[in-house]
Amino acid sequence: MSETRAQGDDARPRPRAPVHGTPTRGNRIVRDLRATTSTAGWRVAAIALAAFVAPPAAAQEFRLALPLDCTLGETCDIQQYVDADPGPGARDYTGGFQAYDGHQGTDFRVPDLEAMAAGVPILAPAPGTVAGIRNTVPDGTFPEGQDCGNGLRIDHGGGWSTQLCHFAQGSVTVTPGDRVQTGDVLGRMGMTGRTQFPHVHITVRRGDTVVDPFVEGLWSDPPDYAPGGLLSAGFSDAIPEFDAIRAGTADAAELPVTAPALVLWGQVFGGQAGDVVRLSITGPGGRDVFATEQVLERTQALLFRAGGRRLREARWRGGDYVGRVELDRNGTVIDAIETRIALR
C-alpha cells in the first residue's frame with residue numbers, strides 16, 4: 001500500500017523567523033530542469049510591467065551582482081521579492097505571489113540549514129564604502145528592533161545604497177569606512193534577526209526610498225524570475241518530519257534492503273493552489289516502483305510532499321533507485337529534481 005503526506009507553511013510567512021540541493025550527502029540532488037517555457041512567460045510579464053517605470057539615468061551607472069556565492073536555480077533560489085502592492089496585499093514585480101506584505105527586499109536562499117552550515121559567503125553586490133555594520137546578534141535569535149540581525153549597509157555613491165541582512169554572528173569581515181568591490185566577501189550567511197529560512201536579504205535604496213532592482217533594471221546579469229520551485233528532495237525509510245527536511249537531515253545516504261519502506265519526498269517553495277506535485281520511484285533495471293501526483297489545495301510559501309511503498313516481501317531488490325519530483329503549474333513542469341539512493 002502506498003502512503004503520502006503533505007505539510008507546509010502558510011503563504012504569508014509568520015513573523016519572519018525560516019540551493020537547490022548542494023551535493024553534500026550520498027544521494028543528494030541532481031537538478032535537471034528549470035522549465036524555460038514557464039520562465040520565459042514570467043519574464044515577458046516582468047518586462048511589460050517594468051516598461052512603465054523608466055530607470056533613472058543614474059541607474060545606468062549602478063549595477064548589482066548576486067549577493068551570494070551560488071548558482072541560481074542550482075544551489076540557491078530567490079524565494080521572496082519586493083512587495084509591489086501599495087495596499088495591504090502582496091504581489092511581486094510580475095504580479096505574482098512571491099512576496100509578502102511590506103517586504104522591502106529580495107531574499108536569496110539556500111535549501112536547508114545543512115547547506116548554510118557548510119558556509120555560504122555573502123558578497124558585495126557593487127563597489128562602495130561600508131557605512132555601518134552589526135556583528136554581535138547571537139545565531140538563532142531575534143532581538144527586538146533588529147529585524148536585520150547581523151548585517152551591514154554599503155554606500156555606493158550617487159544616492160544608492162544596499163542593506164544586507166542575516167549574517168552569522170561574528171562573521172562580518174569588514175568595518176565602517178572600508179572600501180569594497182563587487183564580489184568581495186563580506187561575511188557568512190546565518191540565522192539572525194527576523195528569518196524563518198536560511199537566506200540573505202538585500203534591500204536597495206536611492207536616498208531614503210526603497211527601489212525594486214528588477215523594476216529599475218539594476219542587475220548586471222538579470223536573474224530569471226522563478227514563480228516557485230523545488231528546493232530539495234531525498235529518500236528515507238519513513239515519511240520525514242518537516243523540521244528534518246528544513247534542517248537538511250531527512251535524506252538517507254543509503255538504506256538496507258530490509259528497510260520497512262522506501263519514501264521519496266520533495267520540498268517546494270512558492271506553491272500555488274492547483275499546482276501538481278508528482279513523485280515517482282524507479283528501481284534497478286528501470287522497474288517502476290511507485291508513482292503519485294498530488295494537487296495543492298492552497299497557496300503556501302513552503303511545503304513538502306512525500307510518498308512511497310512499504311516493504312511487501314522479505315527484502316527490496318538491491319541496487320540503485322531513482323526518485324523524480326516534478327512541480328507542474330497549469331500543465332507545464334516548472335521545476336524538477338532527480339535524486340538517487342542505493343539499497344544494499
Side-chain angles (χ1 to χ4, degrees), residues 8-9 13-29 31 66-80 105-125 133-143 146-152 163-174 183-203 223 226 229-234 240-251 253 265-270 301-304 337 339:
D9 290 342
R14 299 177 179 88
R16 294 194 45 113
V19 184
H20 297 293
T22 49
T24 57
R25 297 175 69 90
N27 70 336
R28 204 62 170 184
I29 300 148
R31 178 170 301 281
L66 296 187
L68 277 188
D69 185 5
C70 67
T71 302
L72 274 174
E74 294 182 10
T75 58
C76 63
D77 287 288
I78 299 175
Q79 178 157 329
Q80 305 283 358
T106 307
D107 292 344
F108 292 83
R109 72 163 293 160
V110 294
D112 50 46
L113 297 178
E114 181 187 58
M116 183 190 75
V120 183
I122 298 174
L123 310 179
I133 71 167
R134 182 189 294 130
N135 204 21
T136 59
V137 177
D139 292 302
T141 68
F142 174 18
Q146 296 184 1
D147 288 18
C148 186
N150 296 312
L152 53 83
Q163 181 181 7
L164 295 102
C165 300
H166 312 312
F167 288 57
Q169 182 182 20
S171 73
V172 177
T173 60
V174 294
D184 284 353
V185 175
L186 305 174
R188 180 169 41 85
M189 183 188 292
M191 288 286 287
T192 60
R194 193 180 179 203
T195 174
Q196 291 177 322
F197 57 91
H199 73 284
V200 63
H201 167 107
I202 178 171
T203 293
L230 295 163
L231 292 169
S232 56
E241 296 296 327
F242 201 12
D243 284 348
I245 291 175
R246 291 193 283 196
T249 59
D251 55 326
W265 56 263
Q267 182 182 193
V268 179
F269 76 95
L302 287 173
L303 63 124
F304 83 94
I337 286 180
T339 183

**Message:** Between Asp147 (side chain only) and Arg194 (backbone N and O only), is there a donor and an acceptor less than 3.5 Å apart?
**Reply:** no
**Request:** Go through the structure and list residues passing side chain to side chain contact (heavy atoms under 4.5 Å, CB included) with Thr136, not counting sequence neighbours.
**Result:** none
**Prompt:** Roughly how far, to the nearest 0.5 Å, is the CD1 atom of Ile337 from the CG atom of Leu231?
**Reply:** 7.5 Å
**Item:** Nearest heavy-atom neighbours spanning Ala226 and Phe269
**Value:** CB-CZ, 4.5 Å
**Prompt:** Sequence neighbours excluded, which residues qualify as salt bridge (charged side-chain N to carboxylate O under 4.0 Å, His left out) partners of Asp184?
**Reply:** none
**Message:** Determine whether a donor-acceptor pair (N or O, by modelled atom type, separation under 3.5 Å) exists between the side chain of Thr192 and the backbone of Asn150.
**Reply:** yes
**Request:** Verify, without hydrogens or angle tests, whether Arg246 (side chain) and Leu113 (backbone) share a donor-acceptor contact under 3.5 angstrom.
**Result:** no
**Fill in**
Between Ile245 and Pro240, the two heavy atoms sitting closest are CD1-CG, 3.8 Å
**Message:** A side-chain contact here means heavy atoms from C-beta on lying under 4.5 Å apart; do Pro223 and Ile78 qualify?
**Reply:** yes
**Prompt:** Taking the side chain as C-beta and beyond, is there a heavy-atom pair between Met116 and Met191 under 4.5 Å?
**Reply:** yes
**Prompt:** Leu123 and Gly183: which non-hydrogen atoms are nearest, and at how many Å?
**Reply:** CD2-O, 3.7 Å
**Request:** Mind checking the CZ-CD spacing from Arg134 to Gln146? Nearest 0.5 Å is all I need.
**Result:** 4.0 Å
**Prompt:** Counting distance only, does the side-chain N/O of Arg109 pair as donor-acceptor with the main-chain N or O of Pro111 below 3.5 Å?
**Reply:** yes
**Asked** Are Asp251 and Thr339 close enough that some pair of their side-chain heavy atoms sits under 4.5 Å apart?
**Response** no
**Asked** Atom CZ of Phe142 and atom NE2 of His166: how far apart are they, to the nearest 0.5 Å?
**Response** 9.0 Å
**Prompt:** Only one of Val120, Asp77, Ile122, Val200 clears side chain to side chain contact (heavy atoms under 4.5 Å, CB included) with Phe108; which?
**Reply:** Val200
**Complete:** Nearest heavy-atom approach of Val137 to Pro143 is CG1-CD, 3.6 Å
**Fill in**
Output for pair (Leu164 CG, Cys148 SG), nearest 0.5 Å, gives 8.0 Å
**Item:** Parallel, tilted or perpendicular: rings of Phe242 and Phe304 (30°, 60°)
**Value:** tilted
**Message:** Return the NE2 to CG distance between His201 and Asp107, rounded to the nearest 0.5 Å.
**Reply:** 6.0 Å
**Request:** Give, for atom CD1 of Ile202 and atom CG of Leu66, the distance between the pair rounded to the nearest 0.5 Å.
**Result:** 9.5 Å
